[in-house]
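None of these values were measured; they are calculated from a predicted model. Side-chain atoms are counted along with the backbone in the values below, which use heavy atoms only and exclude waters and symmetry mates.
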Amino acid sequence: NISGGVILSAGTAASAGASCAGTVSLVSGGSTIATTCARTNSIIYLTRQSGGLGNSSYGVGGRTANTSFDINSSLAADTNSIGWLIINPA
């Protein structure tokens, strides 16, 4: 039971820095998010925010600890806006 809330600083793909949440517009079905929040054991949630290709599926591709992670779409032409959230287990 959480009585308060969780506050995260959000960023974009170009300026995520230490952010653990943000949005990105895919380019040709993918994007690399530069964030020091990404770990090898991070749980990364992805959700489509907007765009015309509603039948895409999304996944986390490669990741480099403390540096970045990749978002990949099942459609190579995908340019949807994708929201991402990183949870790092203790």
Side-chain angles (χ1 to χ4, degrees):
N1 185 10
I2 299 175
S3 60
V6 176
I7 299 174
L8 300 170
S9 62
T12 62
S15 63
S19 295
C20 291
T23 60
V24 62
S25 292
L26 300 180
V27 176
S28 299
S31 186
T32 298
I33 309 299
T35 175
T36 57
C37 191
R39 308 282 189 271
T40 56
N41 66 337
S42 295
I43 301 165
I44 302 176
Y45 294 93
L46 305 174
T47 183
R48 184 172 63 90
Q49 302 297 296
S50 64
L53 299 173
N55 57 348
S56 306
S57 60
Y58 303 98
V60 175
R63 61 178 93 187
T64 303
N66 303 314
T67 303
S68 66
F69 71 95
D70 297 329
I71 298 174
N72 299 317
S73 170
S74 60
L75 299 176
D78 197 337
T79 58
N80 284 330
S81 176
I82 305 300
W84 52 273
L85 170 68
I86 299 173
I87 307 273
N88 285 314

Worksheet item: Within the side chain of Arg63, is there an N or O that forms a donor-acceptor pair under 3.5 Å with the backbone of Ser42?
Response: yes

Practice prompt. Nearest 0.5 Å please: distance from the CD1 atom of Ile71 over to the CH2 atom of Trp84.
Written response: 8.0 Å

Worksheet item: Quick one: does Thr40's side chain have a donor or acceptor within less than 3.5 Å of a partner on Ala65's backbone?
Response: no

Item to complete: Verify, without hydrogens or angle tests, whether Asn88 (side chain) and Cys37 (backbone) share a donor-acceptor contact under 3.5 angstrom.
Response: yes

Practice prompt. List the atom of Ser68, the atom of Ala34, and the distance in Å for their closest heavy-atom pair.
Written response: CB-CA, 4.0 Å

Worksheet, complete the sentence: Interatomic distance, CZ@Arg39 vs SG@Cys20, rounded to 0.5 Å, equals 7.5 Å

Discussion item. Nearest 0.5 angstrom please: Asn72 CG to Ser57 OG, how far?
Written reply: 10.0 Å

Discussion item. Between Asp70 and Thr32, do the side chains contain a donor N or O and an acceptor N or O under 3.5 Å apart?
Written reply: yes

Fill in: Residue from Ile87, Leu85, Val60 passing side-chain contact (heavy atoms from CB on, under 4.5 Å) with Ile43
Ile87

Item to complete: Determine, step by step, whether Asn80 and Ser73 satisfy the side-chain contact (heavy atoms from CB on, under 4.5 Å) criterion, reporting the C-alpha distance in whole Å, the side-chain angles of both residues, the deciding distance to 0.1 Å, and the verdict.
Response: CA-CA 9 Å; Asn80 284 330; Ser73 170; over 6 Å; no

Worksheet item: When rounded to the nearest 0.5 angstrom, what distance separates CG in Leu75 from CG in Leu26?
Response: 10.5 Å

Practice prompt. To the nearest 0.5 Å, tell me how far Ile82 CD1 sits from Ser31 OG.
Written response: 9.5 Å

